Amino acid sequence: MKLSATREQILAPLQSVIGVVERRQTMPVLSNVLVAARNNRISITGTDLEVELVASAEATVQQPGDVTVPGRKLFDIFKALPEKTPVT
């Protein structure tokens, strides 16, 4: 997966789904979010097995793909970036 977007384009959907993601889970994968990029859109999915939240935004996708990453860590990183920072 390879994509380009601004901090705000990724932070907005990430903020929408981060509430369902907990740091401490009985299943470690539940602390992750699924990031899917295709058709010039990025989709972020978070779940706790009872509730699933999906949010998406526009992004420039050079190579489509899917990956799971630690949700809270990714959220903290994007919050710490300066506004309008380009991310690849």
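Just so you know, residue 1 is the first one in the sequence shown, and it goes up from there. Predicted model, so just to flag it, every value in this text is computed and none were measured.
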CG (N32) and CG (L74) are apart, to the nearest 0.5 Å, by 10.0 Å
D48: salt bridge (Lys or Arg N to Asp or Glu O under 4.0 Å) partners, not counting sequence neighbours: none
Test: salt bridge (Lys or Arg N to Asp or Glu O under 4.0 Å). Region: residues 49-64. Which pairs qualify, not counting sequence neighbours? none
The criterion is side chain to side chain contact (heavy atoms under 4.5 Å, CB included); which residues satisfy it with A36, sequence neighbours excluded? R38, S43, D66
Quick check: is V21 connected to F78 through a chain of hydrophobic side chains (ILVMFWY, heavy atoms under 4.5 Å apart)? yes
Heavy-atom side-chain contact between L3 and I10 under 4.5 Å: yes
Side chain to side chain contact (heavy atoms under 4.5 Å, CB included) involving S16 - partner list, sequence neighbours excluded: A55
Side chains of R7 and K84, heavy atoms from C-beta outward: is any pair under 4.5 Å? no
Salt bridge (Lys or Arg N to Asp or Glu O under 4.0 Å) contacts in which one or both residues fall within residues 26-37, not counting sequence neighbours: none
Side chain to side chain contact (heavy atoms under 4.5 Å, CB included) filter on L30, not counting sequence neighbours, yields Q25, M27, T47, L49
Residues at least two apart in sequence or cross-chain that pass side-chain hydrogen bond (donor to acceptor under 3.5 Å, both in side chains) with S56, listed by chain then number, are R41
In terms of hydrophobic clusters joined by side-chain contacts under 4.5 Å, are I77 and I18 together? no
Taking a hydrophobic cluster as the set of Ile, Leu, Val, Met, Phe, Trp and Tyr residues connected by side-chain heavy atoms closer than 4.5 Å, whether directly or through intermediates, do V51 and V17 fall within one such cluster? yes
Test of understanding: clusters of I, L, V, M, F, W, Y form through side-chain heavy atoms closer than 4.5 Å, transitively. Do V87 and L11 belong to the same one? yes
Answer yes or no: is there a side-chain heavy-atom contact under 4.5 Å between V35 and M1? yes
How about K79 and L81: do any of their side-chain heavy atoms sit closer than 4.5 Å? no
Quick one: does V33's side chain get under 4.5 Å of T45's, heavy atoms only? no
Pairing residues for R72 by the salt bridge (Lys or Arg N to Asp or Glu O under 4.0 Å) criterion, not counting sequence neighbours: none
Name all residues meeting the side chain to side chain contact (heavy atoms under 4.5 Å, CB included) criterion together with Q63; count only those two or more places apart in sequence or in a different chain, and write none if there are none. K2
Set of side-chain hydrogen bond (donor to acceptor under 3.5 Å, both in side chains) partners for Q15, sequence neighbours left out: none
Separation between CG (L34) and OG1 (T68), nearest 0.5 Å, reads 7.0 Å
May I ask you to test the T88-S4 pair for a side-chain heavy-atom distance under 4.5 Å? yes
Can you list every pair that meets salt bridge (Lys or Arg N to Asp or Glu O under 4.0 Å) and has a residue in residues 26-36, with sequence neighbours left out? none
Excluding sequence neighbours, so at least two apart, what forms side-chain hydrogen bond (donor to acceptor under 3.5 Å, both in side chains) with T85? none
When hydrophobic residues are tied together by side-chain contacts of less than 4.5 Å, even through go-betweens, does F75 share a cluster with V20? yes
